Amino acid sequence: MPWRYVGRRLLQLAVILFGVSVLVFLMLRLIPGDPAQLLLGEYATPAELEQLRHKLGLDRSLAVQYWVYVKSALQGDMGVSIRTGAPVFQEIAPRLIATVELSLAAMVIATLFGVGAGVVSAVRQYSVWDYLTMFLALVGVSMPIFWLGLMLIYLLSVKYPLFPMMGRLSMGLDIPVVTGLVLVDALLSFRPDVLWDGLHHLILPAFTLATIPMAVVARITRSSMLEVLDQDYVRTARAKGMDEWVVILRHGLRNAMLPVVTVLGLNLGLLLSGAVLTETIFSWPGLGRYVVDSLMGRDYAAVQGCILIFAVIMTLINLLVDLVYVVLDPRIRIHE
Amino acid sequence: MMAALLEVQRLCTEFRTRRGVVRAVDGVDLRLDHGETLGIVGESGCGKSVTALSILRLLPRKQGRIASGRILYDGVDLVSLPESAMRRIRGNEISMIFQEPMTSLNPVYTVGFQIREVLKKHRGLEKDEARREAVRMLSLVGIPDPESRVDDYPHQMSGGMRQRAMIAMALACRPRILIADEPTTALDVTIQAQILDLMGRLKEEFGMAVLLITHDLGVVAETCRRVVVMYAGKAVEEADVEELFDVPSHPYTVGLFASLPRIGGKRGKLTPIPGTVPSLDRLPPGCAFQERCPRAEGPCFQEPPPWTAVSEGHRVRCWHPVEHS
């Protein structure tokens, strides 16, 4: 593993975070709307507003405000949410983990089914299966997520109550929180019933969230596989007498994975930072909903915290994708 | 006469193209005896590679298919063999190497892995054993320091090395036939000679028969015993190498020789064959070479020429073969 490279990329992260923090800080304050006014309501007197602004530090210059913010952020203090009065970090952490759980589940579904469908489509090009998959993929990318989510709830929770409608666990079930990931905690505390219940809650939102990435991944896998299957080395593998599945998976798919990994990385980043609709529909207590609510309430500290987290996630995923490239293709070398 | 190791009889291979079905190989007969080297010569697009791919049934599935004919290997018709039985022959009893060593090896696996793969598949070797055998094969094909080169990826090797590695892979299971499709075309001249040398040496050592496909008459002269000349999907002349070089009979073969520079010959202009190979979907009636042939007349424009014997073991498909006195 090229540790020096990883180290340098992580140093770059610091620069990115600085840039993001300045941008978010300024942009938030450019949006019309006064946090004090929102908190106190429209009948607040000017004196009361002035007092609250002073208390929140909003009456100081932007430079000073930013300096205060950065100084405490560097000490691990992301500020206090003006809506709840709780430290932003405490608010974000559990929601982030809920979002991670949902996004990862969606990515697993999207990868397994997307790659699988793409491979079969490429191998059986112009077959009924190919046309059907590509049609479904088109439907998948064009379908509004909120509509799909609502339909799934209506069909599979209301009409035929197979799945729970909302939340991460049924009422009354409780397990000690270790990682915050329900499925992992259930495993750690040997609670198959909780594991099952958590899975049950996860399936519909994860599937809803997976639709678009799954469709995109299927299409990319198909076109990438079609290109690779025409390569000379695939013919060589056949000429060696390899079984067809070895030819397709070992010699074909591994070479076709680079563009797929790129798309997977991009989508994972998007899911982690933008599962707002799905989280709202399925009442999933994640970060997407939280950041939108915070923005509506002009909760500067909360929004800043969330955006910084998103920036970290995006950067780390990009780094991860680059490292996966190196693992997948020995011709790609990192220049130290 | 002893039974041939490989006998191709009236092979027709068709390709689906946008302009309809095209016959890339049209009624080709070949005979390859034990331990023999047979050359197939012709311009690009004459069907020589397609013939080779047909033998191993490696035609691109969507477009190509064997329309008719038989391919007898040890008396068994490969055309009708089930795919699973065919897989036991490929890379095991009949191996193939290709023109482009740059693209014929899988870039994401080490050379050693790709050789081990074939040893595991056909000879059931375990990992360590297969690795030792792979190292042995690499040293056999003249790759220096095989112990460490076995872990190289293809991109870490030069073109000549890669072709050597391809040969090591193709010969790992001691095949009885090696089909070499333009094995030296993509290589430097000096490397070409080395690779041909190597193939000749290994052929003797392993007692293999070789089917060598090339457009290069020089390569043929150095390596083959018999030659088949192909033009527009058909075999047009067949003879022993010396005979073909001494008394080429088909005007196309004569043209091929005339377009070659000769060391020690008179200085002068080379004589190219005029015109281009006709498109396979628009072949004229009669002989396919008529438009480029200085001797074409009468029946050449109406009937495809039948085989005519020139001498023992030398036959030609021409209405007006070139006579030598």
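Every chain is numbered from 1 and lettered A, B, ... according to where its sequence line falls, protein lines coming before strand lines. Predicted model only: the values in this text are computed from it and were never measured.
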**Study point:** side-chain contact (heavy atoms from CB on, under 4.5 Å) assessment of B/Leu38 paired with B/Val210
**Key:** CA-CA 6 Å; B/Leu38 174 70; B/Val210 175; over 6 Å; no
Quick one: pull up [atom1] in [X] and [atom2] in [Y] and give me the separation to the nearest 0.5 Å.
{"X": "A/Ile145", "Y": "A/Leu277", "atom1": "CD1", "atom2": "CG", "value": "6.5 Å"}
{"X": "A/Leu204", "Y": "A/Leu209", "atom1": "CG", "atom2": "CG", "value": "12.5 Å"}
{"X": "B/Leu78", "Y": "B/Ile55", "atom1": "CG", "atom2": "CD1", "value": "8.5 Å"}
{"X": "B/Leu119", "Y": "B/Leu125", "atom1": "CG", "atom2": "CG", "value": "5.0 Å"}

Between [X] and chain A, with a heavy-atom cut-off of 4.5 Å, which part of the residue counts as in contact: side chain, backbone, both or neither?
{"X": "B/Leu53", "value": "side chain"}
{"X": "B/Met169", "value": "side chain"}
{"X": "B/Met102", "value": "neither"}

Output the donor-acceptor atom pairs between chain B and chain A under 3.5 Å, with atom names and distances to 0.1 Å.
| from | atom 1 | to | atom 2 | distance (Å) |
| --- | --- | --- | --- | --- |
| B/Arg61 | NH2 | A/Glu244 | OE1 | 3.4 |
| B/Lys62 | NZ | A/Gln125 | OE1 | 3.2 |
| B/Arg87 | NE | A/Asp243 | OD1 | 3.1 |
| B/Gly91 | N | A/Ala239 | O | 3.1 |
| B/Thr103 | O | A/Tyr233 | N | 3.2 |
| B/Thr103 | OG1 | A/Asp232 | OD2 | 2.6 |
| B/Ser104 | O | A/Thr236 | OG1 | 2.7 |
| B/Asn106 | OD1 | A/Asn255 | ND2 | 2.8 |
| B/Asn106 | ND2 | A/His251 | ND1 | 2.9 |
| B/Tyr109 | OH | A/Arg250 | O | 2.7 |
| B/Gln114 | O | A/Lys240 | NZ | 2.9 |
| B/Glu117 | OE1 | A/Lys240 | NZ | 2.7 |
| B/Glu117 | OE1 | A/His251 | NE2 | 3.0 |
| B/Glu117 | OE2 | A/Arg250 | NH1 | 2.5 |
| B/Glu117 | OE2 | A/His251 | NE2 | 2.8 |
| B/Lys121 | NZ | A/Asp243 | OD1 | 3.0 |
| B/Lys121 | NZ | A/Asp243 | OD2 | 3.4 |
| B/His122 | NE2 | A/Lys240 | O | 2.7 |

Point to revise | Residue selection (most heavy-atom pairs with chain A, distance under 4.5 Å) from B/Pro60, B/Pro154, B/Gly91 | key: B/Gly91
Point to revise | Per-residue contact mode, A/Leu229 against chain B (heavy atom under 4.5 angstrom) | key: neither
Revision key, fill the gap. Bottom line for A/Val234: the part with an atom under 4.5 Å from chain B's heavy atoms is neither
Check your understanding: What's the shortest heavy-atom distance between B/Ala52 and B/Ile213, and which atoms?
Key -> CB-CD1, 3.1 Å
Study note, to complete from the structure: In terms of heavy-atom contacts, A/Ala98 and A/Gly286 come closest through CB-CA, 4.3 Å
Practice item. Would you check if the side chain of B/Gln192 reaches a backbone N or O of B/Thr184 as a donor-acceptor pair within less than 3.5 Å? Key: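 Yes; at least one donor-acceptor contact below 3.5 Å.
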Check your understanding: Does a sphere of radius 6.0 Å around CZ in A/Phe113 hold more than 12 heavy atoms from other residues, nucleotides or ligands, not counting ones at 6.0 Å or beyond?
Key -> no
